[in-house]
Amino acid sequence: MDLAYTEEEEDFRARLRGWLAGVLPTLPARPDPLDWPGRRAYDTAWQRRLYDAGYADVHWAAAPTLRLIFLEETERAGAPYVGANFVGLLHAGPTIAAEGTEAQQRRWLPPVLRGEEIWCQGFSEPEAGSDLASLRTRAVRDGDAYVVTGTKIWTSHAEVADWCELLVRTDPAAPRHRGITWLAMPMDAPGITVRPLRTLAGSAEFAEMFLDEVRVPVDCRVGAENDGWRVTMVTLSFERGTAFVGEVVACRRVLAEVARRARANGRWDDAVLRRRLGRLNAEFAALWRLTQWNVSEAQLRGGGPGAGGSVFKLRYSHARQELYDAAAEVLGAGAWDADEEWTADRLSSLSYTIAAGTSQVQQNIIAERILGLPKGR
């Protein structure tokens with residue numbers, strides 16, 4: 001497979017670089033990480049700039065290779081990340097673009113692209129663990145609405161969201177994977193209670209969400225009733241396949257900084273540490289090549305990332321943890337400094353083997369869908 005960029009793709013890269021060079025110095029200071037209303041305002045303003053410049057729809061309307069170039073160049077330039085727009089741009093938006101009706105696409109996609117509406121993700125539940133298909137939140141059809149009752153947890157950005165991509169059980173008698181439906185729930189509907197959760201790093205980007213007979217219009221259903229598991233697999237293929245791509249570039253930058261810090265403080269004299277950093281350099285280079293392969297395959301197929309995204313997500317989540325363990329080794333006692341950026345990133349990295357499907361789940365997907373092994377009993 002030819003992984004080289006075409007002349008048209010390199011022209012896109014050059015235009016994007018020029019635009020970033022002009023706009024980034026004009027941005028205001030970033031808000032306090034704990035100020036989520038402030039972060040929402042900052043992130044949506046950045047999204048509006050992207051929209052006005054013609055880059056807003058790159059996450060789902062552009063060819064996969066152009067999306068890869070966009071993520072690579074924005075990360076290298078130090079541009080703002082999607083932040084509060086994460087679920088709308090990288091999960092719900094691509095899913096609606098792939099599975100929604102024309103009316104749904106007209107209703108939901110433009111406000112996300114313009115930075116006018118924020119989405120959150122209502123998938124996980126307190127008693128479901130990593131077994132997403134065992135969810136218990138019920139949705140009962142009542143005329144032109146579903147009446148939803150249940151509890152969600154780790155609901156990303158719920159406290160500032162306008163909409164929620166919500167998984168509910170619409171047929172309790174059906175086999176676990178066949179009685180699930182994917183809904184778009186308006187977050188201002190009566191009966192929704194949101195309680196922010198504070199993470200180990202001190203941030204509160206997640207929340208518990210309690211749903212007490214919340215009415216969701218039937219026309220907010222994406223896909224057919226009881227076909228939500230298939231739609232969810234589309235969502236997760238985007239989450240695992242492309243959502244972390246920009247972070248690979250960020251990790252390669254951090255690795256170079258870790259090596260410079262090691263040379264400055266004498267830790268570079270440790271041959272074991274040098275080998276560790278060298279192996280990580282090879283690891284992230286290989287992950288970048290895997291990313292290029294995945295997006296090239298997606299472009300050829302005309303679909304999402306597919307099961308190859310699980311290979312990437314599995315290895316990336318562990319490599320990220322190894323990177324920040326190495327950073328802690330270089331910092332020494334400074335690794336416990338709460339004001340050190342790498343300390344916060346190390347704490348955050350602990351969640352990566354759980355987020356977007358645990359490593360065990362990814363191993364099962366790889367075994368069954370790529371290697372053709374039988375399902376476990």
Side-chain angles (χ1 to χ4, degrees), residues 3 33 68 71-78 81 130 199-203 205 239-295 305 307-367 370-371:
L3 298 180
L68 184 66
L71 293 169
E72 181 182 14
E73 292 300 324
T74 51
E75 176 57 42
R76 283 181 173 170
Y81 188 49
S130 60
T199 69
L200 181 64
S203 61
E205 63 264 33
E239 183 176 18
R240 295 163 184 165
T242 57
F244 296 113
V245 168
E247 297 188 27
V248 173
V249 182
C251 284
R252 298 180 78 176
R253 173 178 49 77
V254 170
L255 180 60
E257 293 172 358
V258 169
R260 285 194 290 271
R261 185 82 66 94
R263 291 187 180 95
N265 68 11
R267 293 290 292 132
W268 190 254
D269 295 336
D270 185 340
V272 174
L273 175 65
R274 291 200 306 274
R275 283 196 297 271
R276 186 178 191 182
L277 297 181
R279 183 180 58 79
L280 282 168
N281 184 60
E283 182 102 39
F284 285 113
L287 279 168
W288 185 250
R289 281 300 190 183
L290 175 60
T291 297
Q292 292 178 306
W293 187 88
N294 281 340
V295 299
S310 289
V311 178
F312 169 84
K313 197 275 173 180
L314 175 65
R315 191 52 234 164
Y316 168 70
S317 59
H318 288 274
R320 183 183 176 91
Q321 291 179 353
E322 292 173 16
L323 168 63
Y324 285 104
D325 283 346
E329 187 176 346
V330 170
L331 291 172
W336 299 101
D337 183 354
D339 294 328
E340 170 64 58
E341 181 181 1
W342 292 345
T343 300
D345 289 337
R346 188 185 185 200
L347 294 175
S348 174
S349 75
L350 299 176
S351 70
Y352 277 64
T353 48
I354 301 173
T358 67
S359 290
Q360 291 78 10
V361 167
Q362 307 310 320
Q363 289 169 340
N364 285 340
I365 292 172
I366 293 166
I370 296 179
L371 301 179

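Below, all heavy atoms of this structure are taken into account, side chains as well, without hydrogens, waters or symmetry copies.
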Of all the heavy-atom pairs spanning [X] and [Y], show the shortest one and how long it is.
X    : Y    : value
Y324 : V254 : OH-CG2, 3.7 Å
R315 : L287 : CB-CD2, 4.1 Å
L280 : A319 : CD2-O, 4.0 Å

Rounded to the nearest 0.5 Å, what separation is found between the [atom1] atom of [X] and the [atom2] atom of [Y]?
X    : Y    : atom1 : atom2 : result
R276 : L323 : CZ    : CG    : 9.0 Å
C251 : E322 : SG    : CD    : 11.0 Å
E329 : L277 : CD    : CG    : 8.0 Å
L68  : W288 : CG    : CH2   : 4.0 Å
R275 : D270 : CZ    : CG    : 8.0 Å

Donor-acceptor pairs under 3.5 Å, side chain of residues 255-265 to any protein atom, not counting sequence neighbours: which ones?
residue: N265; atom: OD1; partner: R267; partner atom: N; Å: 3.0
residue: N265; atom: ND2; partner: V330; partner atom: O; Å: 3.0

Can you name the residues that form a salt bridge (charged side-chain N to carboxylate O under 4.0 Å, His left out) with E75, not counting sequence neighbours?
R253

